[in-house]
Amino acid sequence: MFDAIVIGGRCAGAATAMLLARKGHRVLMVDRSTFPSDVISTHFLWPHGTSYLNRWGLLEKVLAVTPSHTELELVHDGISLSGGVPEDLLRQSFQQLHGDDTGVVRRYCSVRRRVLDKILVDAAGEAGVEVREGFTVEELLTEGSRVVGIRGRTREGTRVEERARIVIGADGRNSFVARTLKLPRFDERLQCTFAYWGYFSGFDAGRAHLMRRGRMGAAIVPTNFGQNMTLVFGPSEWSEAFRRDIPGNFQRALDFVSPEFGEQVRTQGQREERLYGTLDQAAFLRPLHGAGWVLVGDAGCFKDQCTATGMTHAFRDAELVSAALDGWLAGRQPLDAALKHYEDRRRSQSAAAYYDYVCTLAEMKPLRHDELQLFVSLRGNQEETNRFIATHADISPVSEFFQASNLLLINDAAKESSRGHAIFEQFESTSRQYLHNPFAA
């Protein structure tokens, strides 16, 4: 009998298993994959993501092979903002979530999953987790309505049963645990982005660049092996037309969002692998826990990639759920109370506001005149630029930054006007052009 069985061995699962084992609990972790291996991912870690790795003693291993930076660039219709998440807001966030701000760092990085997940799985094994790779879960064992274990098949084909006091579903948006338990999706947001990305060598992107123009977006971020993760994305209703010529439209989208990076990728970039893509990133929530089970990471809440917070939120969930389950396994509080505490942190008012924020961005509507004017107003105001970046990253509450009084203060302190930015010339006609699918025949 294990204390916990974790289904899924990537960001959410390996981290949860490792943290529980470090607290002295007997943990089994199973995953259908073998490691190292890649998986669909933004690769991007915001500073709270790297801070979790630092708290767990793993950041040094990641940064030994992964470029990192303390600032990034956001570009909206040619209006550029540079900055980073303030340390005081990072510490405040960790204190509110975990009551502990040790290990906070202000670094960003984009790490391939074949690199990161291997480090996490190895750390789980070193912590004492029994790790079974290539393991396919076929059935949840139940007693009455309570989940008590799993039945599955090893990579050698042997069928086994294992039992535990709690089963943790860390198996992604298409969670086997959730499907088996017939857990409903709610607050679904069907409008989302499609995304295609590749790995390009041959040029130095410097730091992370996250860009939008009209209904399209792009990102270029240095990653492992001397390459740059290069991503384009747009509204899902344009994906069918995009797929008629993926390499050609990839370059076309990059040229549209950032002519400068489009030229650099075309003339200097060497694509190292095929292009990868995902077409459906519709957001949803699921119930987080029940009799004998709990969900973490994308299994419990999936959001569009447009703010690149999935990996960072998986780490957050791992700390929250492992702390809650440790309290129960160690006899300090009942299971229901422990999981209610976890749920309250995950489903707070602030979390709901951020979910709305991401889902609204994922609709990829052209930015309004007043939204673009805000970015102009932020230029020359580094403190509020950093606070906006912190809001985008889910460190500073969305409701606080976007409250009317704060926006008025930012506008009053603006050092630039819209006159120097091309998007405001013939704004109405440009906005109408943005609504046409550029990939349609």
Side-chain angles (χ1 to χ4, degrees), residues 38-44 72-80 108 110 112-113 191-223 227-283 303-311 358 360-367 392 423 430 433-441:
D38 278 319
V39 69
I40 291 175
S41 172
T42 63
H43 309 23
F44 193 68
L72 53 74
E73 181 183 42
L74 298 176
V75 186
H76 297 81
D77 281 279
I79 304 167
S80 173
Y108 307 79
S110 177
R112 292 286 295 263
R113 297 298 293 270
Q191 289 185 284
C192 59
T193 68
F194 74 92
Y196 277 86
W197 67 97
Y199 305 96
F200 290 81
S201 60
F203 65 95
D204 180 8
R207 54 187 171 175
H209 305 268
L210 310 179
M211 302 163 284
R212 275 197 59 177
R213 185 185 295 276
R215 301 197 73 193
M216 294 298 300
I220 295 186
V221 190
T223 186
Q227 300 168 6
N228 297 290
M229 195 285 291
T230 304
L231 165 80
V232 301
F233 58 100
S236 56
E237 61 265 31
W238 288 1
S239 63
E240 184 176 346
F242 185 96
R243 283 167 53 80
R244 293 178 190 141
D245 175 14
I246 292 172
N249 284 332
F250 185 91
Q251 182 66 53
R252 188 177 182 183
L254 196 56
D255 287 337
F256 172 72
V257 177
S258 173
E260 299 81 8
F261 275 115
E263 176 71 9
Q264 194 165 23
V265 169
R266 181 189 304 102
T267 59
Q268 303 173 35
Q270 174 66 45
R271 180 156 58 85
E272 300 292 344
E273 302 176 25
R274 69 178 179 86
L275 295 174
Y276 301 88
T278 178
L279 303 181
D280 178 13
Q281 302 188 90
K303 298 182 295 297
D304 191 275
Q305 57 79 38
C306 62
T307 57
T309 49
M311 293 160 62
V358 175
T360 300
L361 289 178
E363 296 177 8
M364 298 299 289
K365 295 178 180 176
L367 293 172
H392 193 74
I423 179 61
T430 301
Q433 290 173 9
Y434 284 165
L435 298 176
H436 298 296
N437 184 348
F439 313 112

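Residue numbers run from 1 in the order of the sequence given. Side-chain atoms are counted along with the backbone in the values below, which use heavy atoms only and exclude waters and symmetry mates.
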**Asked** Salt bridge or not for Arg243 and Glu240, using N-O below 4.0 Å?
**Response**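 No, this pair does not count.
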**Message:** What I want to find out is whether Arg112 reaches Glu272 closely enough, with some N-O distance under 4.0 Å, to be called a salt bridge.
**Reply:**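 Answer for the salt bridge query: no.
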Least distance between heavy atoms, [X] atom then [Y] atom:
X	Y	value
Ser41	Met311	OG-SD, 3.3 Å
Arg266	Glu263	NH1-OE1, 2.8 Å
Pro222	Ser110	O-CB, 3.5 Å
Ala253	Phe439	CB-CZ, 4.0 Å
Leu275	Pro247	CD1-CA, 4.0 Å
Val221	Ala208	CG1-CB, 3.8 Å

How long is the gap from [atom1] on [X] to [atom2] on [Y], to the nearest 0.5 Å?
X	Y	atom1	atom2	result
Leu72	Leu210	CG	CG	5.5 Å
Cys306	Met364	SG	CE	7.5 Å
Tyr199	Gln227	OH	CD	8.5 Å
Asn249	Leu254	CG	CG	12.0 Å
Leu74	Arg212	CG	CZ	11.5 Å
Asp38	Arg113	CG	CZ	8.5 Å

**Request:** Among Tyr276, Phe250, Phe242, find the one that has a ring pair (Phe, Tyr, Trp, His ring centres under 6.0 Å) with Tyr196.
**Result:**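 For Tyr196, the ring pair (Phe, Tyr, Trp, His ring centres under 6.0 Å) test succeeds with only one of Tyr276, Phe250, Phe242, which is Phe242.
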Side chains of residues 231-238: which donor-acceptor pairs under 3.5 Å do they make with residues two or more places apart or in other chains?
unit_1	atom_1	unit_2	atom_2	d
Ser236	OG	Cys192	O	3.3
Glu237	OE2	Arg215	NH1	3.2
Glu237	OE2	Arg215	NH2	2.9

**Item:** Side-chain donor or acceptor of Asn228 paired with backbone N/O of Thr230 under 3.5 Å
**Value:**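 Answer holds: no.
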**Asked** If only atom types and distance count, is the side chain of Gln251 paired as donor or acceptor with the main-chain N or O of Gly262 below 3.5 Å?
**Response**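 The answer is yes, because a donor-acceptor pair under 3.5 Å joins these two groups.
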**Asked** For Asp77, what residues pass the side chain to side chain contact (heavy atoms under 4.5 Å, CB included) criterion, not counting sequence neighbours?
**Response**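 Expected list: Arg213, Leu367, Leu372, Ile423, Tyr434.
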**Prompt:** Under 3.5 Å, is there a donor-acceptor pair between the Thr193 and Gln281 side chains?
**Reply:**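 A donor-acceptor contact under 3.5 Å links the two side chains.
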**Message:** With a 4.5 Å cut-off on side-chain heavy atoms, are Phe261 and Val75 touching?
**Reply:**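 The answer is no; the side chains never approach within 4.5 Å.
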**Prompt:** Can you check side chain to side chain contact (heavy atoms under 4.5 Å, CB included) on Leu361 and His392, steps first, answer last?
**Reply:** CA-CA 10 Å; Leu361 289 178; His392 193 74; 3.7 Å; yes
**Asked** Can you check side chain to side chain contact (heavy atoms under 4.5 Å, CB included) on Met229 and Trp197, steps first, answer last?
**Response** CA-CA 7 Å; Met229 195 285 291; Trp197 67 97; 3.9 Å; yes
